[in-house]
2 protein chains.
Amino acid sequence: MNERGPRVPDGYDPGAFEPFAVTVDLAVFTVRQGALHVLLVERGEEPYAGWWALPGGFVRPRESAEEAARRELAEETGLDADAITALHFEQLRTYSEPDRDPRMRVVSVAFAALLPALPEPLGGGDAARAAHVPYGTVHDLAFDHGRILSDAHRRIGAKLEYSCLATSFCPPEFTLGELQGVYETVWGTALDRPNFRRKVLATPGFVEQVDGPPRRSGGRGKPAARYRAGPANALHPPLLRPEGRPE
Amino acid sequence: MNERGPRVPDGYDPGAFEPFAVTVDLAVFTVRQGALHVLLVERGEEPYAGWWALPGGFVRPRESAEEAARRELAEETGLDADAITALHFEQLRTYSEPDRDPRMRVVSVAFAALLPALPEPLGGGDAARAAHVPYGTVHDLAFDHGRILSDAHRRIGAKLEYSCLATSFCPPEFTLGELQGVYETVWGTALDRPNFRRKVLATPGFVEQVDGPPRRSGGRGKPAARYRAGPANALHPPLLRPEGRPE
DNA sequence: GCAAAAGTGTTACAAGTACACCCATGG
DNA sequence: CCATGGGTGTACTTGTAACACTTTTGC
């Protein structure tokens, strides 16, 4: 039967169907010290007590999944609302297998978010235990979160190829070396610097040079010019990874 | 608060939160007579009685959204289970704005499906009124289905660029002219035939030539060689549309 | 001076674009 | 014999890959 068609006129009685819980799960990525990190929280109760899990929570009655995702991220990281609205947020897909949560029927909308490597304000939120963990070091996540996380990683990697997404991993001003580092850590491959440079600068609106003194990127080496993200959000032609396979 | 964390120990009482209805909505595309068509159903009841809408329905207590989508499509088209499992099915995204359905809180997981232009078995299903409508001719759809449909169209168009998806629009055996027609009708642009041909044949596993007599594609012209879909599902390098902008 | 990082140049090759042209069939 | 769609060849342009080389800093 099709409850939205004319054949089930009582299909809209809120008590006529089994209730679903709707949650959001967040895959929050950061590039720190040349390694890709993910924000994880430690569960305090059964099931999976003591396990690492993706941050997330219930969608409230009067908010959309996107709003819930932003709210949860704010609570988990302690970032203020302005910072949250600025960063890249993207719906991944929805996980709805009947037994993905042993307690009840939970349908979860997964999101990916990209953070620049800010001074770590964790603990400012109300999360019991939360940490940016290097991607790939925690293999057993609660529920189906391991699958969600690997789906998110694959998606982010693919999007770097044809979008300007990489700047979302960077602070407001960055060097081309840092930008290249984002690609290299997410993809796990080395890139040719001269070619990367040309490619980025040849794409109009990807990055804009910032006037002013060049920036020191730590210790040795020639000071690099500073750039900020440009208005473009698509890359044409795409910046394909060496042996890349999309999707 | 975060009901999946340790701070809300009663967060799992099924009655403790407002119930959500979870539905699936389907954007079912076909290429017929050189035009892109979408499967729409006419609503029989309020709200939006008499309006065209995407087919869809509630997710049942023991099925995933993917299973619900396949079941609904079978009911709507009358196709048998084998045909349904064979065709391309893809989760698009989830629409969760609180007021997208005026009656109650409905979270809908949207799917896109691609059908080859089969002999139309519509009415074999139990849909009141369903039809393959040329894409773009119906502008006012019920609920937020207009938005879902345009999102689906954009996604399908983008996926043609880097996946072997186009063969899903074709019958088991097809000509390169028909395959090119799929690209041209979905993208709305003309393609150079010699280049298209070379590109497709140069991608290993995209199509495989079928031995046997060449096929007449209607009336005039040289008979074309027949092909079937190959084992590949990604296109490397991608087949970019003339002035394509992804996403 | 040496290592490290930024930045420039060059060359060889692969891929995409835009055509002109021939082939087989139906009317 | 001509319109129509299938199929081949080719020159031109663009993009990519690889790598040599110079510049500017810290130590």
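Reckoned from all heavy atoms, side chains included, excluding hydrogens, waters and symmetry mates. Convention: sequence-line order gives letters A, B, ...; per-chain numbering from 1.
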Handout entry: Euclidean distance, atom CD of residue B:Glu184 to atom C1' of D:dG5 [Å, nearest integer]
Key = 12 Å
Practice task
Could you walk me through whether B:Phe169 and B:Phe29 pass ring-ring contact (aromatic ring centres under 6.0 Å, His included), step by step?
Solution key: CA-CA 8 Å; B:Phe169 277 111; B:Phe29 291 103; 7.1 Å; no
Exercise for the section: Answer yes or no: is there an ion pair linking A:Arg147 with A:Glu97, defined by an N-O contact shorter than 4.0 Å? Expected result: yes
Practice task
Report the distance from atom CG of B:Leu201 to atom C1' of D:dG6, rounded to the nearest whole Å.
Solution key: 12 Å
Practice task
Determine whether B:Leu26 and B:Leu54 make a side-chain contact, defined as any pair of heavy atoms from C-beta on separated by less than 4.5 Å.
Solution key: no
Problem - B:Tyr135/B:His37 aromatic ring centres below 6.0 Å - result: no
Exercise for the section: Report the distance from atom CG of A:Leu235 to atom C1' of D:dT16, rounded to the nearest whole Å. Expected result: 15 Å
Fill in the blank from the handout: note: B:Leu191, atom CG; D:dG6, atom P; distance rounded to Å ~ 13 Å
Practice task
Assert yes or no for the condition that the ring centre distance of B:Tyr227 to B:Phe174 is strictly below 6.0 Å.
Solution key: no
Exercise for the section: Round to a whole Å and report the spacing from CD of B:Gln180 to C1' of D:dG5. Expected result: 11 Å
Practice task
Let me know the distance between CZ of B:Arg197 and C1' of D:dT10, rounded to the nearest Å.
Solution key: 16 Å
Problem - Test item: A:Cys170 and A:Val182 side chains (from C-beta on) under 4.5 Å apart, heavy atoms - result: yes
Practice task
Report yes or no: do A:Tyr95 and A:Asp25 form a side-chain donor-acceptor pair below 3.5 Å?
Solution key: no
Mind listing the N/O atom pairs, protein and nucleotides 2-4 of chain D, below 3.5 Å?
{"residue": "D:dT4", "atom": "O2", "partner": "B:Gly221", "partner atom": "N", "Å": "3.2"}

Exercise for the section: Tell me, please, which residues at least two apart from B:Glu184 pass salt bridge (charged side-chain N to carboxylate O under 4.0 Å, His left out). Expected result: none
Problem - Atom-pair distance (CG on A:Leu239; P on D:dG15), nearest Å - result: 14 Å
Handout entry: Note: A:Glu67-A:Arg71 ion pair, threshold 4.0 Å (strictly below)
Key = no
Completion exercise
Contact string for nucleotides 14-21 of chain C, one letter per nucleotide 5' to 3', B = base within protein heavy-atom range under 4.0 Å, S = sugar-phosphate only, - = neither, reads -SSBBBB-
Exercise for the section: Could you tell me the separation between the CG atom of B:Leu179 and the C1' atom of D:dG5, rounded to a whole number of Å? Expected result: 16 Å
Practice task
Give one of base, sugar-phosphate or nothing for B:Ala225, where a contact means two heavy atoms less than 4.0 Å apart.
Solution key: sugar-phosphate
